[in-house]
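Read the structure below first, then the notes.
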2 protein chains.
Amino acid sequence: MTAAAAPANRSNAPASWPACSACRAGASGVYAPLHRTTQDNISAVRTEFVSVRANALISRAGETPACVHTLRRGWAMQVAHLSDGRRQILHFFVPGDLLNVEALLLGERAQDASIRALTEADLCSFPVESARTLFDASPAQRESLLDYTRAYIAGLSRRLADIGQRSAQGRMAQLLLELWERLRARALVTDDSFEMPVRQEHLADALGMTPVHVNRTLGALRAAGIIGFDRKTMHVLDGARLRKVAEDE
Amino acid sequence: MTAAAAPANRSNAPASWPACSACRAGASGVYAPLHRTTQDNISAVRTEFVSVRANALISRAGETPACVHTLRRGWAMQVAHLSDGRRQILHFFVPGDLLNVEALLLGERAQDASIRALTEADLCSFPVESARTLFDASPAQRESLLDYTRAYIAGLSRRLADIGQRSAQGRMAQLLLELWERLRARALVTDDSFEMPVRQEHLADALGMTPVHVNRTLGALRAAGIIGFDRKTMHVLDGARLRKVAEDE
DNA sequence: CGACATCTTGAGAGACCTCAATGATGGTGG
DNA sequence: CCACCATCATTGAGGTCTCTCAAGATGTCG
């Protein structure tokens, strides 16, 4: 079930959809160049605005994605599944991210990973074809897309090196720093703290460890006074030491 | 030092370089469509044929690659480095692979990983610009490039899931199967065995484990009668059970 | 033959996992 | 409003996997 096929809630009147001009994804995401110059064109090709529930499947592995989505609210994750049910979270998407961007570059090829909502989330959908046309219109925009793709590949490579080479604390610190940076770029960090609607179970599947050990790892960082957290908020108390842990362990 | 800048051996006379028509990379690699129809064009843009020694640096992280290379003989690896010297091998290249293909797609961006020869190797070099022109000439060829890129990303994702979720035996089995498949596609497998000029230390850096444990893992697979190997040759004795280990562990 | 790289093996330590129980938190229905 | 429930976080104890350190064996090359 894709979001486009069976939205939990749908506004049928495009007029009632939230304005693209107010979109954080537009202002600071992959298509910022486009957003600055031709906002109307963006609105024109938006075919859907949906809210999905936590855990909703947004894009299914093995299918060719029909739409690119803007994640306007909530978090999502990209997941690879092993045949026996184990799963690896490849990437966390935060508000303002674009989902399925690879489809613009790679054409109508099947995805080998799913995208699933982590929380309740709002999505805007753009058919791949129209989005590609839009992106091709401006050289700056094309550049931005290629940069995004390069960064995506670099992110995968870095995560691979992290999981392959670093200890639990190092991996955790790397992930927290990455999220911290990305959320700060979206103005979602205040007072060195940010909402992190991710269960420890998700961190475990992203970092290649068990939920129990995620808990102990976070506990150690908290005991050291490096981070503070509760169920929903992560607080970076000592960025310098967090960076040191991320580098050294 | 890139291969182009300081080759170990260089044939100055293009006429003496091995013919593109006899190139395994051409016949079965990314640019097979091109190779079938316009071989002369390929030869025309080849700017270099070099042999490099084992361990030679072919493409340096942080620089923007000037050339795409065909690996005509020998093995190579793509490596990401951590600040403290630990390294993660992201990919093994086998004879017939193309190196730096991402440069065609992503433009003149800096690589974040190096490419290094694993063995003595022969390379043909093609400037990125000419290669891109060639590739853009045919739709089939463009498709092939996109397929290659998608497969590259899929490979990274799969390795990430392997290292994150599987045990040492599972990872090892996955890697052996992958190499087996890829080498078979190049007709480099005979009698279920193939040359594997890779030190156990390299397997360790690729799979996120220590050389000692690589040894014990291989030993266990050998003791189980699943594989046989010596310093240079890997023999798959029981493909079915190897696949089972790869899936289950 | 020596020098060197690589493989192999052992023994002990540490990191991480499994199983299992207890606490928190937030939502829901009575 | 409270009792109940599901979900998630936390903690303990013991086991397993993988690592570290170290020694010896094997192969390779000049």
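Scope of the values below: all heavy atoms of this structure, side chains included, with no hydrogens, waters or symmetry mates. Residue numbers start from 1 in every chain, and the chains themselves are labelled A, B, ... in the order their sequence lines are given, proteins ahead of strands.
Nearest nucleotide to the Ser167(A) side chain, out of dT8(C), dT10(D), dC16(C): dC16(C). Considering only side-chain atoms of Val212(B), the nucleotide from dT9(C), dT10(D), dC7(C) that sits closest is dT9(C). With dT8(C), dG26(C), dC16(C) as the candidates, the nucleotide lying closest to the side chain of Lys232(A) is dG26(C). Each of dT20(D), dT8(C), dT11(D) was ranked by its minimum atom distance to the side chain of Thr210(B); first place goes to dT20(D).
Residue Arg222(B) places none of its side-chain N or O atoms closer than 4.0 Å to OP1 or OP2 of dC7(C). OP1 or OP2 of dA9(D) lies within a sub-4.0 Å distance of a side-chain N or O belonging to Arg199(A). At dC17(C), none of the side-chain N or O atoms of Arg216(A) fall inside 4.0 Å of OP1 or OP2 (strictly under the cut-off). For the OP1/OP2 pair of dA15(C) and a distance below 4.0 Å, the side-chain nitrogens and oxygens of Gln169(A) include no atom meeting the criterion. OP1 or OP2 of dT10(D) has at least one side-chain nitrogen or oxygen of Asn215(A) nearer than 4.0 Å.
When the P atom of dT18(C) is taken as reference, atom NE2 of His213(A) falls 12 Å away, rounded to whole Å. Regarding Ile163(A), its CD1 atom lies at a distance of 12 Å from the P atom of dC16(C), rounded to whole Å. Rounded to a whole Å, the CG atom of Asp205(A) is 16 Å from the C1' atom of dC16(C). Atom CG of Leu118(A) is separated from atom C1' of dC8(D) by 15 Å (rounded to the nearest Å). In this structure, the CG atom of Asp230(B) is 13 Å from the C1' atom of dT28(D), given to the nearest Å. As a whole-Å value, the separation of Gln200(A) CD from dT11(D) C1' is 12 Å. Rounded to whole Å, atom C1' of dT18(D) lies 13 Å from atom CE of Met172(B). Spacing between atom CZ of Arg166(A) and atom C1' of dA15(C) amounts to 17 Å, rounded to whole angstrom units.
Side-chain contact, Glu247(A) with Ser83(B): a donor N or O sits under 3.5 Å from an acceptor N or O.
Ionic pairing of Arg158(A) and Asp112(B) is not present here: no N-O contact between side-chain nitrogen and carboxylate oxygen is shorter than 4.0 angstrom. The pair Arg184(A)-Glu181(A) meets the salt-bridge criterion, with a side-chain N (NZ, NE, NH1 or NH2) lying under 4.0 Å from an Asp/Glu carboxylate O. The residues Asp205(B) and Arg87(B) are annotated as salt-bridged, a charged nitrogen and a carboxylate oxygen being separated by less than 4.0 angstrom.
A donor-acceptor contact under 3.5 Å is not formed by the side chain of Arg231(A) with the base of dT25(C).
Around CD of Glu178(B), the count of heavy atoms belonging to other residues, nucleotides or ligands within 6.0 Å exceeds 12.
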